[in-house]
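Notes follow once the structure below has been shown.
Just so we're on the same page: letters track the sequence lines, and every chain starts at 1.
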Protein chains: 2
Amino acid sequence: MSSKVNLTPQRKAIYDVIRESSDHPTAAEIIERLKVKDLSFAYGTVYNSLRYLTEVGLVHELKLGDAASRYDGNVDEHQHIQCQICGRVDEVFTDVTKEWLNAIAKETDYTVKSHQVILKGICPQCREQ
Amino acid sequence: MSSKVNLTPQRKAIYDVIRESSDHPTAAEIIERLKVKDLSFAYGTVYNSLRYLTEVGLVHELKLGDAASRYDGNVDEHQHIQCQICGRVDEVFTDVTKEWLNAIAKETDYTVKSHQVILKGICPQCREQ
DNA sequence: CGTATATTTAGACTAAGTCTAAAATAAAAT
DNA sequence: ATTTTATTTTAGACTTAGTCTAAATATACG
Ligand SMILES: [Mn+2]
Ligand SMILES: [Mn+2]
Ligand SMILES: [Zn+2]
Ligand SMILES: [Zn+2]
C-alpha cells in the first residue's frame with residue numbers, strides 16, 4: 001500500500017520551486033522561476049506535474065477566483081486572504097470552528113468534506129498609500 | 001445621486017432568468033434558458049450584462065472553483081455548499097461570526113472587506129446512492 | 001535483453017471570457 | 001422634429017488558462 005510518490009526530475013523541480021516560494025505562485029510564475037534556474041519543461045508537463053503534486057497531497061491548489069490557480073507548498077490546514085489592491089495573498093491560520101461546520105451540516109443536510117475561506121481586504125502596505 | 005440602474009431589455013431578460021433560477025446558473029446555462037424563451041443575444045452582451053448586473057449589485061457572481069462563474073439572484077448575505085458528486089450548489093445561511101473576522105483582522109493586519117466560504121461535501125441525494 | 005508501463009514533449013485544441021469596431025438605440029441639445 | 005452625443009448591442013477576432021493527443025523518452029519488470 002501507501003503507493004509511493006513518484007517524483008520525477010520535472011516534478012521534483014516544480015515542487016522545489018513551490019516550496020521555495022512563499023507567495024503562492026501561479027503556473028505561469030512557476031514556469032518563470034524554473035527558467036531562472038535554466039529549467040524549461042513542456043507546458044503540459046508543468047500542468048500535469050502540478051496536478052500530480054496536488055493529487056498526492058504534496059501541494060495545495062488555491063482557486064481564489066482569479067483567472068489562474070495558485071500553488072501552495074504549505075499543506076497544513078490554513079486559509080488565505082488576498083489584498084484587493086495589490087493582489088498579494090497572505091496566510092490565515094485562525095480557522096473556523098468545528099461548531100460552525102456542524103451547524104452547516106445540520107442546516108444543509110450535507111456531509112461536509114472540506115471548506116475554503118477566501119477573505120479579501122486591504123493589506124497593511126496598501127493601506128498606507 | 002443613487003445613479004439609477006439602467007435595465008435594457010437584454011439586461012432585464014437576463015436578470016429575469018437569474019431570478020427565476022434557484023440553482024445558480026452559469027453564463028452558458030443562462031444562454032440556454034434565454035433560448036427556451038426565444039431570446040438570443042450576442043455572446044458578449046450576456047457577459048457584459050452579467051458584469052453590469054453584478055456591478056450594480058442586482059446579482060452576485062459566485063466563483064466556486066469550477067471553470068465557469070455562477071450567478072445568484074439572491075443578494076442577501078449567504079454562503080454556498082457544493083456537492084462533490086453531482087455539482088449542485090445549495091445555500092448556507094449560517095454565517096461565520098464577527099469575532100472570527102475580527103480575529104483574522106488582528107492576525108493578518110488586513111482590513112477585512114469581504115469573505116467567501118466555499119464548502120464542499122456530499123448532498124443528501126448523492127449520499128443515498 | 002525485450003517488453004510493458006509511465007512520463008515527457010510539442011503542438012493542436014477547448015472553455016470561458018474579453019476586446020474591438022461598427023451598427024443600432026436611446027437621450028440630450030438645438 | 002432634427003441633429004448631436006452617449007450608451008448599448010452585435011459579430012467576430014482575440015486572450016488566457018488549461019486539457020488532450022500522439023509520438024518520443026524514460027523507467028520498471030520478467
Ligand atoms: Mn498558504
Ligand atoms: Mn445562493
Ligand atoms: Zn496590498
Ligand atoms: Zn449531489
I need the CG-C1' distance between Asn48(A) and dA22(D), as an integer number of Å.
14 Å

Determine, step by step, whether Leu58(B) and Arg19(B) satisfy the side-chain contact (heavy atoms from CB on, under 4.5 Å) criterion, reporting the C-alpha distance in whole Å, the side-chain angles of both residues, the deciding distance to 0.1 Å, and the verdict.
CA-CA 10 Å; Leu58(B) 285 176; Arg19(B) 278 186 307 175; over 6 Å; no

Expected rows: protein N/O vs nucleotides 10-17 of chain C N/O, under 3.5 Å:
from    : atom 1 : to       : atom 2 : distance (Å)
dG17(C) : OP1    : Ser69(B) : N      : 3.0
dG17(C) : OP2    : Tyr47(B) : OH     : 2.8

Find the distance Glu29(A):CD to dT16(D):P and express it as a whole number of Å.
14 Å

Please give, in whole Å, the distance from dT8(D) C1' to Tyr52(B) OH?
11 Å

Please say whether more than 12 non-hydrogen atoms of neighbouring residues, nucleotides or ligands are located less than 6.0 Å from NZ in Lys37(A).
yes

Which whole-number value in Å describes the distance from Glu32(A) CD to dA17(D) P?
11 Å

What I want to check is whether the side chains of Thr94(B) and Glu107(A) have a donor and an acceptor closer together than 3.5 Å.
yes

Residue-phosphate contact under 4.0 Å: Asn6(B) side-chain N/O, dT7(D) OP1/OP2
no

Straight-line distance of Ile104(A) CD1 to Tyr110(A) OH, nearest 0.5 Å:
12.0 Å

Taking atom P of dA28(D) as reference, at what distance in whole Å does atom CG of Leu7(A) sit?
13 Å

In whole angstrom, give the distance that lies between atom CZ of Arg11(A) and atom P of dA26(D).
16 Å

Does Thr8(A) have a side-chain nitrogen or oxygen under 4.0 Å from the phosphate oxygens OP1 or OP2 of dA6(C)?
no

Lys113(A) atom NZ, neighbour heavy-atom count above 12 within 6.0 Å:
no

The residue among Asp38(B), Asp16(B), Asp23(B) that forms salt bridge (charged side-chain N to carboxylate O under 4.0 Å, His left out) with Arg33(B) is Asp23(B)

Any Gln10(A) side-chain N or O less than 4.0 Å from OP1/OP2 of dA26(D):
no

State whether Tyr15(A) and Arg11(A) meet the cation-pi test: NZ (Lys) or CZ (Arg) under 6.0 Å from the six-membered ring centroid, and within 45° of the perpendicular axis.
no

Starting from C1' on dT8(D), measure out to CD on Glu55(B) and report it in whole angstrom.
14 Å

Roughly, in whole Å, what's the span from NZ in Lys12(B) to P in dA26(C)?
16 Å

